[in-house]
Structures are given as structure tokens and as C-alpha cells.
Amino acid sequence: ITETVPPEKLFSNYLYFSSFADTVVQNAQAISNRMRTTLALNKDNHVVEIASNDGYLLQHYQEHGISVLGIEPAGNIAEAARKRGIPTVNKFFNETVARQIRAETGPADVIHANNVVAHVADLHGVVAGIAALLKDDGIAVIENHYVKALIDHTEFDSIYHEHLCYYSATSFANLFKQHGLILVDVEHIPIHGGSLRVFFQRSDGPRSWEEAGGGARTIDFLAAEQRWGASEAGFYRDFGRKVARLKESLVSLLGELNSNGKSIAAYGASAKSTTLLNYCGVGAETIRFVADRSTVKQGLFTPGTHLPIVAPEELLAQQPDYVILLSWNFVDEIMKQQEEYRRRGGRFIVPVPELQII
């Protein structure tokens, strides 16, 4: 993305609360429990999360007596985390902030950064900060959308103003190596339509995670990326044509349903929904409203298309014939939540990775 919106404008007051997504909380609990048990963390250890949101991840360490600190740029979300008892610094993370925190609370045994490295224009400042804050034998755990999943599954709606970069393990390794951090393990996880979880340790310290088997997995993963062309332009060139075909199919389906008198709503007032609706030119002439669990979004309107955002209960109150699932990355979670709507005959249109009706 070549246009960068000032981060102070984007993130100083933010409307995405991680705890509203059960899948996100469960993913956070799983990795925190794994790190805690694998590293035998206790009250003498310290865990930091960058862009810690409302404490959705750090709470799982804190409940076991482990010292935690969140770093969250959005003032409203930082305050929500503090009310939950999660110590939180309300700042944008960079090397200067990292050194201040290290001086005040000491180095971190574990640093988490979930879905944040894609969002920052100052990439080198953030990665240098991670290196400055990490203990000699500490581990940084980074999660981010996987560019291969984005391309393979036509996840074009994941491209929007907040996401400046899209990563492979190869590009992660190249970036972090410049700051003395070595990729010691990598995993492909299903959350958000396909994400990478990468593990880094200091190049000048003991790399215990790598020696425990992560190194072999990393070598295999990087080799696989070279085979599918992570570093080659050709792999990415067909993406635009695939996106155009998906748009044509969705607009055609919605037009047919409209002409047959079917009522249509949408679910998920997510950032990705803004990309999809505006690119496809779908607005109030087609969709009645957008339902969303987040109470801080209800009563507002979708950007560009100006659709009212309402509580999910409106699906039962109005019982539209079809609902476009704009938060398709949480399809299993939302299907369970909306069993009654479906039992009454409601159907979901899932646009990505390929158009289907459930």
C-alpha cells in the first residue's frame, strides 16, 4: 500500500475490540498456554504484548501470576484493558519506547505482536524495539496474515488502509535479520483465513527454541516458499483477475436475488467489509443493514456505503432471506451463533474464498 494514513488518526481512538471475537480469544489462550508451559514461565518472568488491545491475550498469562505489560496506542482500548486489570502503556511502540520500558520493568522473556507488524509504516522502528526489549534468551512471537493464503484464497478484502504490508516467512526473516533477530520457528495457522506465526530469538543469544526442533521446521518452510515463488513476481500477477471474477459472480448473484424479491442483509462491520462492499459497488439499494456483535460499532454506519450497523438480534427480528457474511474469517463461530436464524430458513452468502451459500 503506497498511501499511509497517519497512525495517530487511525489508532488513537479505535473500534476493534479483540475480545468480541471468540476465535481470537481462543487462539490467544492457546498460544499463551503453550508458551507458559513450554518455557516454564512463573512469577519471575515478564511478558509484553505490542498492540495489546483490551488484554484479550495477556489475561491468560496474568491469571497464572506472570508479570505482564500491554502497549496499546488507542487510548479508549488501553483504558478498557486497565479496567480489566492489565497494566497498559498508551503509546505507539518503537525503539525509544522499548528502551524506556526496559529501563523501568526490565527485559521481556516473551514478546507477542499479533496482527500489528502489517499495520505500521515505521517497520524498522518496531522491529528494532522488539530487539531492544527482548531478553538475551527471550522469544518474540509474531502473528500476521499470510500472503500465500491471501493470494490462494482471493482474500482481496484483507487489503485496506490499515494493512501496509503482507508477509511471507521469507520476508519476515529478511526484515527481522536486519535487527539481529533470527527466525527460529514458523507455523501456518488457520485464524483470519490463514496466518503465519513466526518465532524469533536474538542472534547473539542462546537459541533454545531453534535447537528444540524449530530450526528444522523453518528450513523446510522457507524452502517450500521458494518452490511456490514467494520471491517471484509471477506468483502474484494473476491475483487481480481472480478478484475481478469473484466480484462479477457476487454482483450477479445479488442482482438475481434482488430481482426475485429476496431481502438481503449483511453480517460483520469489519474493515475488510469496507473493501468488499465498496469495490463491488454494493450498498443500500441491495443491503438493509449490517449486523455486528461489537456494541461500540452498533448505531454507526459503514464507511462509503452508509449502511446502518445493528445488533445481531435484528437478524431474527427482520429475518432477511439472505445474509452476506462479510466476516467470513469467523464463519464457524458465526454459524454457531446464528443457528436460530438458519433454522428459520435464513441463508448465508459467503463471498471469500469462493462464492457459496450456506
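The first residue of the sequence shown is numbered 1, and numbering continues consecutively from there. Only this structure's heavy atoms are used, side chains among them; waters, hydrogens and symmetry mates stay out.
- A side-chain contact (heavy atoms from CB on, under 4.5 Å) with F200 is found for exactly one of I182, I142, D185, namely I142.
- Distance alone, capped at 3.5 Å, is enough to place a donor-acceptor pair between the T37 side chain and the R34 backbone.
- Across S18 and V25, no two heavy atoms sit closer than the pair O-CG2, 4.0 Å.
- For the residue pair E333 / Q337, a side-chain donor-acceptor distance below 3.5 Å is found, with atom types taken as modelled.
- Closest heavy-atom contact between L58 and S52: CD1-CB, 4.2 Å.
- Residues H145 and E155 have side chains that bring a donor and an acceptor to within less than 3.5 angstrom of each other.
- E72 and N53 get closest at one heavy-atom pair: OE1-N, 2.8 Å.
- Ion pairing of R245 with E248 is absent here, as no side-chain N (NZ or NE/NH1/NH2) approaches a carboxylate O to less than 4.0 Å.
- Criterion: ILVMFWY side-chain heavy atoms under 4.5 Å apart, direct or through other members. Under it, L326 and Y160 are not part of a common hydrophobic cluster.
- Atom-to-atom distance recorded for Y267:OH and E314:CD is 12.5 Å, nearest 0.5 angstrom.
- The side-chain contact (heavy atoms from CB on, under 4.5 Å) check on A81 picks up I86, T88, with sequence neighbours excluded.
- Using the six-membered ring where Trp is involved, H188 and Y146 have ring planes that are perpendicular, over 60° apart on the 30 and 60° scheme.
- Remark: E340 engages R343 in a salt bridge, criterion side-chain N to carboxylate O under 4.0 Å.
- A128 and E95 get closest at one heavy-atom pair: CB-OE1, 3.6 Å.
- Taking OH of Y341 as the start and CE of M335 as the end, the distance is 9.0 Å to the nearest 0.5 Å.
- Contact record, A269 with K297: O-NZ, 3.0 Å, taken as the closest heavy-atom pair.
- In this model, a donor atom of one side chain and an acceptor atom of the other lie less than 3.5 Å apart for S19 and R84.
- Taking all atoms of both residues into account, the shortest heavy-atom contact from H179 to A131 is O-CB, 3.5 Å.
- W228 and F235 have tilted rings, their planes meeting at an angle from 30° to 60° on a 0 to 90° scale.
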